[in-house]
Amino acid sequence: MKALSIRRTVLGLTAASAALALTACGGNVGGAASDGGEFPAGPITLTVGQAPGGSTDLIARTAAEGMADELGVAVPVVNKPGANGALATQEVAAMEPDGQNLVLLNASLITITPLAVSEEEAVTLDDLEVIKGLSQDDYVLVASADSGFENLDDIKNSSKKLTFGTTGVGTGSQLSQAILFAQAEIKGTAVPFDSGSPALTAVMGNQVQLATIQLGEAKPQIDAGTVKPIVVFSDERNTFLPDVPTAIEEGYEVPVSQYRALAAPKGLPADVKEKLVASVEAAQATDTYKAFNEKNMLTPKEISGEEVVQQWNDLAAKYKELTEKYDISLAGE
Amino acid sequence: MDFLQPVIDGFGVVLMPSNLLYCLLGVVIGMLIGVLPGLGPAATIAILLPLTYGIEPVTAIIMLAGIFYGAQYGGTITSVLLRLPGEASSVVTVFDGYQLARKGKAGTALGIAAIGSFIGGTVAIIGLTFLAPLVASFALDFGPPEYAALALVGILLVATISNGAKIKALIAAAFGLLLATVGRDVFTGAERFTFGNLSLADGIDFVPVAMGLFGVGEILYNLEERHRVAQAPATVANVWPSRKDLKQSAGAIGRGSVLGFFLGILPGGGATISSLAAYAVEKKRAKNPERFGKGAVEGVAGPETANNAAATSSFIPLLTLGIPANATMAIIFGALLIQGVTPGPQLMVDNPDLFWGVVNSMYIGNILLLIMSIPLVGLFVRILRVRAAILAPITALITLLGAYTIRNSMFDVLLVVLFGAVGYLMKKFGFEPGPLVLAFVLGALLESSLRRSLLVLDGDVAGFMGRPISATLLVVFVLVAVWPMVKSAMDRRKNSLTSSPTTSKENV
């Protein structure tokens, strides 16, 4: 019964906030926030472009919990999976900028996916107001135990025909491996899987010799010794894998991580944005949120919205430059 | 005794009152959400996850596991009564389950399904208890070529299980395969048949297709029928499976348990193929296979047992290897991490209390589900006494609501309506929706596995025969595909041999 009533509440809240957004569009009907009334005017919907249960969704739910306590209204998380999150992002970007509707952004959607899809599908930050950066999720290159690879040199010196798993087209997993192997002149065939878990399973069974996976997913298998970590793709060593070198240390220019941030439609009133930023910061200061990051091996990256925009746009330009330089195409090879 | 000690300690963990309570809570929630099509266990567990932060890890996982296998029980109810399969693994249950319900034997179908589910679940738990470490590597041996071969066998089974005209079943299946290609190509990112619509970028979800074709299509068709002949609501005769039904289903339940247990270990598609295979096996073994699709009790018993056994054995890769086999397992994996427990090869050694507590809770959960099902079967079959004029709109409402909850998107609701119209037309022109839906599910698996295999095998098709499991599956495929032709050729020869003397006599 609990499940049902919770679900209904979520549905009800969504409907309510949708109704609010509609009235706001229609002018000065009702008491929506944009009428200069109090913010928040009722529940704030946080839309997630991924299915429930994944790391993006869990981050959203944990942040929403802290924000709800701070703002004194419910912050229901609504999942609208589709097109790597492009669907949800475009939908929220088109809503009224009253602060009642937020979206959780994955950096890869802005920085990497545009390299793999057509221009009209690509999502930019232009229609969004970024509220606050959340965290950084690192990618780690792992090798199967049967391959015998211990480090990057083993892979470079291997005469075998290599296959490497990616977590899909237009993901950081694909990009990081493509750039690294191009720079290190390693020959191999990319095999896209639907997500991290099947790619990791394929490495464990030596169906592919290598794969790049998000650290949180790969860590249990690294600890168990079923897969061997080779490099991480972050700028600096990851605190959860202090003994594993970064690709940059090994002499390759591959700065790829997954970043996440909260955003609202463009044109948010300054006072509303201030309140939202304060609520996210309050959520980030809670022990629950900190413990959550720790357990999911997420590195806090709690930078301001402006810094997020700067960083992501820089990364997008960087990736574009690197793929052009090494003649890498993420869309089919 | 060394092995059994932690198992027995695990029972000690389960029998603590709080754990029993959460187990009960889990299976009740699971059963209820199973009844609602669309809202699956994965979404429910994700929503309830924050509530488990404050409780003991073992208690939390016992509850979440209960939701998962409880939902398998609940899913049967709508498949049988309303022709609404909530997930791919219960599509085949609809074929005979709904026909039984129309004959007033809904109670038989539900009762058999509950008993089969209980036995299938329990057999799989026993398998999990004793064989888990041995069979776990099976999941790792399954690479892309093995999945491709398995999906191929599955699609062949779709063709053999269809009832009625073979050619119409093939047309429907081909349409299903075509639908599976909609969406962004996962290998190149290219758009296929999406017409620039982002809502189609990930392809079409199973739920709107199944809900529309089966549920809404049936409602529309019945509405038309009612205008011609006044139809009395289905009578609800014998609520319980008779001794004859039980005897008839015993073999199906046994075979379903074994099939479900082994195929369920495979991440992705295992449960669906196991229910499909169970149905095909029963139909092949039956003395008069023409009963299937018209209300054969084994046609419910086999697949329902298999999908429950598969649901249980899908815990094996999670608990022993740390691989989540499906979306629900991925969330339970996350729940374990949040609780500070790392699922993986070390789990059984590091946390025997948790491992055996969870495994043993499933014995209890299955018993609880069986006990709950018995009075509920009597209650649920009464739904059929509701007049169609009232029941049909309610069913339509549940269907649309269910479709909405998958992605919180109106687009999926429109899809249900569209597929409802298609389903109505199909029924009117004598096409079965079953082959379409199953081919749709397996088509996606076949395409991605085949293309992935060719990448792994470096384009060498012969590589399929170089791997023992895929080679075996392909041999099975050829045998199953060719055997009926050989057999009918032999029959024809025999007939011509026996008939030729008579004709020659006539000539004389």
Side-chain angles (χ1 to χ4, degrees), chain A residues 1-4 6-7 10-11 14 51-55 57-58 61-62 65 78-84 86-87 90 113 116-118 120-121 161 163 168-170 189-194 197-198 200-202 204-208 216 219-221 223-224 226 288 292 295-296 330-332, chain B residues 25 28-29 32-33 36 39 42-51 53 67 137 139-144 184-191 196 198-199 201-202 267-268 317 321-324 327-328 330-331 333-334 337-338 340 342-346 404-405 407-409 448 452 455-456 458:
Chain A
M1 271 324 278
K2 225 170 203 170
L4 288 177
I6 287 176
R7 191 67 201 196
V10 174
L11 287 177
T14 323
S55 47
D57 175 64
L58 294 178
R61 286 176 196 278
T62 315
E65 207 180 285
V78 176
N79 303 84
K80 291 196 180 178
N84 292 336
L87 194 64
Q90 291 189 355
T113 313
V117 301
S118 63
E120 49 288 10
E121 272 178 74
K161 177 100 186 79
T163 48
V169 168
T189 310
V191 184
F193 287 85
D194 295 332
S197 162
L200 183 61
T201 309
M204 290 166 67
N206 200 31
Q207 307 291 346
V208 293
K219 190 71 176 11
Q221 299 300 337
D223 291 345
T226 50
T288 331
F292 170 83
K295 279 179 180 147
N296 287 277
L330 294 190
Chain B
L25 193 65
V28 171
I29 294 173
L32 288 172
I33 58 135
L36 273 188
L39 181 57
T44 310
I45 293 176
I47 293 159
L48 291 181
L49 206 52
L51 301 180
Y53 292 167
I67 295 176
S137 63
L140 291 182
D141 293 335
F142 252 73
R184 187 176 282 165
D185 181 348
V186 293
F187 292 81
T188 64
E191 300 286 324
L198 272 187
S199 295
D202 289 348
L321 299 174
I323 304 171
T328 314
I331 299 168
F333 181 93
L337 279 181
I338 287 169
T342 307
Q346 266 78 38
Y404 181 78
T405 58
R407 300 196 297 176
N408 294 305
S409 129
S448 61
R452 215 167 273 144
L455 288 172
V456 169
D458 203 17

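Values below: all heavy atoms of this structure, side chains included; hydrogens, waters and symmetry mates excluded.
- If you take CG on A/Asn84 and CG on B/Asp202, they are separated by 7.0 Å, rounding to the nearest 0.5 Å.
- Without hydrogens or angle criteria, B/Asn408 side chain to A/Asn79 main chain gives a donor-acceptor distance under 3.5 Å.
- Of the two parts of A/Leu58, only the side chain, counted from C-beta on, holds a non-hydrogen atom closer than 4.5 Å to a non-hydrogen atom of chain B.
- For chain B, the nearby parts of A/Asp194 are the backbone and the side chain; heavy atoms of each come within less than 4.5 Å.
- Proximity to chain A (any heavy atom under 4.5 Å) is shown, for B/Ser409, by neither the backbone nor the side chain.
- The CG atom of B/Asp141 sits 7.5 Å away from atom CD of A/Gln207, with the distance rounded to the nearest 0.5 Å.
- Of the listed residues (B/Ile45, B/Asp185, B/Leu49, B/Leu321), the one with the most heavy-atom contacts under 4.5 Å to chain A is B/Leu321.
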For B/Leu198 and A/Gln90: C-alpha separation, side-chain torsions, deciding distance, then whether side chain to side chain contact (heavy atoms under 4.5 Å, CB included) applies. CA-CA 10 Å; B/Leu198 272 187; A/Gln90 291 189 355; 3.2 Å; yes

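- If you tally non-hydrogen atom pairs under 4.5 Å between each of B/Ala42, B/Ser448, B/Ser199 and chain A, the highest count goes to B/Ser199.
- Within the 4.5 angstrom heavy-atom criterion, only side-chain atoms of B/Phe333, from C-beta onward, approach chain A.
- Residue B/Ile67 does not touch chain A at all, counting heavy-atom pairs closer than 4.5 Å.
- Contacts of A/Thr189 with chain B are made by side-chain atoms alone, with heavy-atom separations under 4.5 Å and no backbone atom involved.
- A/Leu200 places none of its side-chain heavy atoms less than 4.5 Å from the side chain of B/Ile323.
- Between A/Val117 and B/Gly189, the shortest heavy-atom contact is CG1-O, 4.5 Å.
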Please lay out, stage by stage, how B/Val186 and A/Val169 fare under the test side chain to side chain contact (heavy atoms under 4.5 Å, CB included). CA-CA 6 Å; B/Val186 293; A/Val169 168; 5.8 Å; no

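- Residue contact with chain A, scored on non-hydrogen atoms closer than 4.5 Å, involves the side chain of B/Arg184 exclusively.
- For A/Thr226, the part sitting under 4.5 Å from any heavy atom of chain B is the side chain, from C-beta outward, and nothing else.
- The contact between A/Ala224 and chain B is made by backbone and side chain atoms together, counting heavy-atom distances below 4.5 Å.
- Contact annotation for A/Lys219: neither backbone nor side-chain heavy atoms come within less than 4.5 Å of a heavy atom of chain B.
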